[in-house]
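Heads up, the thing below is written out as structure tokens.
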Amino acid sequence: MKSYDPKKIEKKWQKRWEKEKLFATPSETTREDKYYILPQLPYPSGSGLHVGHAEVYAACDIYARYKRMTGKKVLQVIGWDAFGLPAENYAIKTNVHPRKSTDQAIDMFRRQIQLLGVSVDWSREVGSHNPDYYKWTQWFFLLFYKRGLAYRKKQAVNWCDSCKTVLANEQVTGDGKCERCDTVVEQKEMEQWYLKITDYADRLLEDLDKLDWPEETKKRQKDWIGRSEGAEVQFTVIARSETTKQSRGIAASSASQSPRDDNSITVFTTRPDTLFGSSFMVLAPEHLLVQNLKNKIENWKEVEQYIEQTKLKTDLDRQTQKEKTGVELKGIKAINPANQKEISIFIADYVLATYGFGAIMAVPAHDERDFEFAQKNDLPITQVVSPVIPSEAEGSLRPMCFTGEGVAINSDFINGLTTEKAIEKMNEWLEEENIGKRKIQYRLRDWSISRQRFWGAPIPVLYDEKGELHPIPEEDLPVILPDDVDFKPTGESPLNYSKSFNKGVEKKYGQGWRREPDTLDTFMCSSWYYFRYLDPHNDKAFASPDALKTWMPVDFYLGGPEHVNSHLLYSRFFTKVLFDAGYINFDEPFLVHRHQGMILGEDNHKMSKRWGNAVNPTDVINEFGADTLRAYEMFMGPLEADKPWDTNGVKGVRRFLERVWHLQEKISVAHVMPEKMTRIMHQTIKKATHNIESMRFNTAIAKMMELINEISKENKITPEYYGLLILILSPFAPHMCEEIWQTLGHKKSLALEAWPEYSEELAKDSEITLAVQINGKLRDTLEVSADITETEAKDMAVASEKVKKWLEGKEPKKVIYVKGKLVSIVV
RNA sequence: GGUCCGGUGGUGAAACUGGUAUACACGAGGGACUUAAAAUCCCUUGCCGCAAGGCGUGUGAGUUCGAUUCUCACCCGGACCACCA
């Protein structure tokens with residue numbers, strides 16, 4: 001017999017699968033039959049495929065092959081998230097055009113993925129940098145624009161001075177650095193394009209309940225969206241020159257005025273019950289009112305200086321230096337609407353311009369941040385909530401900060417009410433008096449989508465000679481990304497300086513007209529790719545209604561946990577907008593979603609060039625074969641767990657495959673498999689089926705290893721049994737299994753075979769081992785027939801010699817029988 | 001600081017809805033084959049103990065006939081978020 005030569009076998013079968021178009025997407029598909037498996041869209045980086053990529057493709061492919069064998073019509077495609085900063089940064093460094101380096105990287109990725117032997121429909125491959133793809137990314141932008149969901153706004157944005165571009169909140173790391181280049185991110189006032197994802201905050205939150213996603217992932221998205229229930233409250237502002245009497249007059253009339261009015265400050269609070277305890281107010285330094293009241297602020301110089309200081313502070317500074325600084329706005333005061341007291345107004349950078357109204361009512365007795373600020377600035381602290389359980393608070397004369405719930409005190413008409421009821425009553429009062437109202441506030445911000453970069457999809461917008469904005473007519477799409485561009489970052493969009501990009505624009509649209517020079521965030525490209533896979537060559541629509549109806553939503557999506565608050569959220573947003581616009585009849589894209597864990601280096605550190613611990617999947621394939629790589633990565637541990645690479649483990653899996661291969665020498669047609677082997681075979685099929693179905697590939701393989709260990713003892717195997725083993729192993733090691741399948745005399749590919757069925761009856765053990773416990777300790781085991789009755793089992797247990805010894809003549813108080821498991825004796 | 005996830009042999013890890021803890025693999029030790037090595041095959045392998053037996057799933061308690069699994073407190077590690085009013 002030939003020895004196992006994966007190089008030869010794998011090449012042979014990969015060619016044959018391709019030639020026979022075995023994994024082309026089935027054209028005749030019903031909603032019941034279809035199964036859409038989606039491995040996350042990779043960014044084709046110049047450093048080639050990572051074993052982490054291989055894990056994703058292997059897992060999806062194993063699932064795809066299994067589903068096909070169970071009769072499903074499977075759609076599995078791979079594409080490229082091809083736009084993005086690294087290619088452009090590389091271009092700046094080496095002067096190689098991003099299109100060239102990206103296409104090279106894609107070729108390398110494709111070759112490397114194909115070596116894995118994945119059953120992907122390559123005729124549907126897409127790249128987001130191709131005009132026939134980004135035409136539709138631009139079309140999506142126009143759809144958002146038409147629906148009032150895309151807008152321009154000048155505001156402080158995250159700016160990376162190294163990449164010379166704006167970043168979305170999601171692209172700034174936890175310690176305030178650029179996700180791509182690690183430069184500290186600054187704040188910069190710029191006019192940018194935004195998508196109104198906040199309009200969908202409530203639906204994005206509520207619909208999480210519909211999804212089969214990891215609970216932790218749903219929770220993280222929930223927290224990111226950050227829904228808070230509370231109230232908005234208006235405070236009247238008065239200047240020192242005005243008398244108190246006059247101010248009351250303003251207070252009465254200003255209640256009906258809009259929040260933007262110079263004479264009032266609107267705040268959001270989750271604790272309206274503490275309104276009586278609000279002894280000062282704090283505005284974000286960027287608050288509009290500060291500039292509007294410039295003339296009335298007596299210490300303007302000081303205030304202005306503080307505002308300037310804040311501007312210089314980076315996000316990192318604001319995160320690490322958390323002492324509460326701030327400046328009072330002298331000459332103006334606010335009126336607490338509950339008790340009509342005059343209170344001071346401050347600006348301080350601990351109040352964020354981007355959340356709520358950019359202003360707060362400070363209640364130092366019941367908010368730690370306000371408390372700290374009040375202590376620093378010697379401000380009054382009025383307790384208005386009393387803890388139900390009086391803590392050690394009494395002894396100390398020092399003021400305390402209590403943020404929990406309790407009973408309202410010093411609060412007039414809500415005195416004595418518990419926090420929940422006090423909030424309710426205060427809300428009613430605010431609404432009656434027209435001072436405020438209930439409000440739900442979200443933490444989610446609108447999505448900043450414009451980038452002053454070259455390597456992205458141009459934003460399909462024109463400006464006329466007056467600077468008025470005009471969306472590009474749909475029939476003029478795509479707006480082609482030009483090639484004649486200088487990559488050196490200037491902070492201005494490189495497209496401004498492209499001759500071909502701007503050529504003909506005036507002729508076509510009018511004198512003085514020009515194109516929007518910014519490009520779209522690459523997350524726009526990856527927010528809809530799973531629609532394009534359905535119908536990648538369609539030039540009339542992003543996908544045909546038919547294809548959408550047949551294949552969507554995605555049945556299984558595998559991707560990294562790092563995308564929870566970006567890609568996954570954006571994709572859900574896109575889908576909901578499409579639903580609202582009537583293009584689709586579902587509003588969630590990914591029904592089942594799982595994360596793959598990270599594959600670490602042999603030294604338990606994250607793989608990186610710097611540590612020299614990176615493993616190249618192609619090297620592993622060359623040395624051990626793709627089947628070994630696939631099976632090993634699945635055998636390492638649970639799919640979602642982080643796990644270190646272990647070359648000896650790879651060898652172990654290769655050894656397992658060799659043992660399966662060498663069973664060919666032990667085929668015996670005349671042999672009769674003993675009952676025990678039949679049982680183990682059916683148990684293995686059962687376990688493999690359930691484990692693959694639930695993505696527990698590691699234990700599925702372990703069970704097959706057990707089977708092999710048993711067969712080795714038997715030393716002979718019938719072709720039927722061998723065939724069954726080959727079928728259930730084939731999703732993991734498809735090449736080797738095809739080869740053996742052919743040797744067994746089959747002409748057709750085993751990918752076309754049905755998944756073996758197991759018999760519950762044959763899988764059942766006839767003999768079982770009962771444990772016998774005395775007071776919870778194992779004292780004996782009994783080999784008994786599986787259909788033993790309760791009485792028989794109990795009698796046998798009590799009669800056992802070992803048990804008798806332990807009972808020392810005592811009578812059991814209680815005997816418990818657990819069917820098929822144990823007898824527990826209590827003395 | 002908040003939230004979440006985890007802690008089982010020398011290592012990666014199993015254990016179904018509370019029921020014989022450590023399946024499977026790696027590593028290690030021993031043996032067979034070989035002039036030798038590699039490869040392969042067989043045996044042993046949680047700890048203490050000659051044995052009977054005892055102890056063992058981060059620590060301490062609790063519930064239970066019985067806890068890796070449930071409850072509470074604590075310790076350690078990791079991930080995410082981080083002044084969100």
Side-chain angles (χ1 to χ4, degrees), chain A residues 3 174-176 214-217 219-220 222-224 226-228 230 267-271 274 278 282 284 315 318-324 348-352 354-363 366-370 372-373 403 441-445 561-562 564-565 598 604 632 635-638 640-653 655-656 658-659 662 687 690 696 698-709 712-713 769-782 805 812-827:
Chain A
S3 62
D175 54 354
E215 281 308 314
E216 195 201 336
T217 302
K219 173 112 188 5
R220 275 177 58 192
K222 226 171 245 180
D223 290 349
W224 187 261
R227 177 192 154 104
S228 296
V267 301
F268 172 72
T269 176
T270 52
R271 291 292 297 271
T274 61
S278 176
V282 188
D315 270 8
R318 273 172 105 152
Q319 271 169 31
T320 46
Q321 313 162 5
K322 283 187 182 169
E323 331 87 83
K324 306 277 174 292
D349 65 6
Y350 82 89
V351 172
L352 307 174
T354 44
Y355 185 75
F357 297 93
I360 60 157
M361 62 177 221
V363 186
H366 306 289
D367 181 286
E368 275 170 37
R369 296 153 299 184
D370 299 345
E372 199 187 312
F373 192 78
T403 57
Q441 182 67 44
Y442 295 93
R443 209 192 78 117
L444 186 71
R445 312 285 154 81
E562 68 276 15
V564 167
N565 291 331
M598 200 192 300
N604 237 312
Y632 169 66
F635 183 62
M636 290 173 89
E640 67 281 1
D642 294 346
K643 48 228 167 219
W645 188 264
D646 175 17
T647 303
N648 282 320
V650 182
K651 288 180 188 160
V653 170
R655 204 172 295 150
F656 162 65
E658 296 260 11
R659 291 178 77 190
H662 286 289
K687 181 134 188 175
H690 291 310
R696 296 197 312 258
N698 52 332
T699 47
I701 293 174
K703 191 71 191 171
M704 289 186 243
M705 286 174 167
E706 278 183 67
L707 177 71
I708 281 290
N709 290 343
S712 300
K713 287 180 201 159
T769 311
L770 278 188
V772 183
Q773 292 180 349
I774 299 176
N775 288 339
K777 288 213 185 293
L778 181 72
R779 294 306 180 192
D780 199 6
T781 53
L782 305 171
K805 201 183 110 202
K813 273 188 212 147
K814 200 155 94 176
V815 181
I816 297 158
Y817 174 67
V818 182
K819 196 172 183 298
K821 301 273 184 190
L822 54 63
V823 179
S824 181
I825 300 169
V826 190
V827 280

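Bear in mind that the values here come from a model prediction, so they are computed numbers and not experimental data.
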Rounded to the nearest 0.5 angstrom, the CD1-CG distance for A:I360 and A:D367 is 6.5 Å
For the pair made of [atom1] in [X] and [atom2] in [N], what is the distance, rounded to whole Å?
X      : N     : atom1 : atom2 : answer
A:I774 : B:U20 : CD1   : C1'   : 14 Å
A:I708 : B:U40 : CD1   : C1'   : 15 Å
A:R445 : B:C81 : CZ    : P     : 14 Å
A:R220 : B:A82 : CZ    : P     : 11 Å
A:E706 : B:A14 : CD    : C1'   : 10 Å
A:W645 : B:A13 : CH2   : C1'   : 17 Å
A:L352 : B:C81 : CG    : P     : 16 Å

I want to verify a distance call: between [options], whose nearest atom is closest to the [X] side chain?
X      : options             : answer
A:I360 : B:G19, B:A85, B:U20 : B:A85
A:T699 : B:A15, B:U20, B:C80 : B:A15
A:A702 : B:C24, B:G54, B:G66 : B:C24
A:T270 : B:A14, B:A85, B:A82 : B:A85
A:N709 : B:C4, B:A25, B:C83  : B:A25
A:M705 : B:A82, B:A15, B:A25 : B:A25
A:D349 : B:C83, B:G53, B:U20 : B:C83
A:K219 : B:A85, B:C26, B:U3  : B:U3
A:K821 : B:A85, B:A23, B:G19 : B:G19
A:R443 : B:A82, B:C83, B:C65 : B:A82

For B:G66, decide between syn and anti, treating a glycosidic angle within 90° of 0 as syn. anti
For A:E368, I'd like to know if atom CD has over 12 heavy atoms of other residues, nucleotides or ligands within 6.0 Å.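 For A:E368, atom CD is not crowded (no more than 12 foreign heavy atoms under 6.0 Å).
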What's A:K713 touching, base or sugar-phosphate or nothing? Going by heavy atoms closer than 4.0 Å. nothing
Just checking A:N698: base, sugar-phosphate only, or nothing, at a heavy-atom cut-off of under 4.0 Å?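 Sugar-phosphate contact only - A:N698 comes under 4.0 Å of backbone atoms but never of a base.
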Any side-chain heavy atom of A:V363 within less than 4.5 Å of one from A:R271? no
Determine whether A:S712 and A:R659 make a side-chain contact, defined as any pair of heavy atoms from C-beta on separated by less than 4.5 Å.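 Side chain of A:S712 against side chain of A:R659, heavy atoms only: contact under 4.5 Å found.
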Using the [atom1] atom in both, what is the distance from [N] to [M], to the nearest Å?
N     : M     : atom1 : answer
B:C80 : B:U68 : C1'   : 27 Å
B:C55 : B:A38 : P     : 43 Å
B:C83 : B:G1  : C1'   : 10 Å
B:G18 : B:G66 : C1'   : 8 Å
B:U57 : B:A14 : C1'   : 12 Å
B:C24 : B:C43 : P     : 12 Å
B:A32 : B:A37 : C1'   : 15 Å
B:G12 : B:G6  : C1'   : 16 Å

Shortest non-hydrogen separation from A:R445 to A:Y355 and the atoms involved: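 Closest pair (atom of A:R445, atom of A:Y355, distance): NH2-CB, 3.9 Å.
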Which pair of heavy atoms, one from A:A362 and one from A:V282, lies closest together, and at what distance?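 Nearest pair, atom of A:A362 first, then A:V282: CB-CG2, 4.4 Å.
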Taking the six-membered ring of A:Y350, is NZ or CZ of A:K324 closer than 6.0 Å to its centre and within 45° of its axis? yes
Do A:K324 side-chain and B:C83 base share a donor-acceptor contact under 3.5 Å? yes
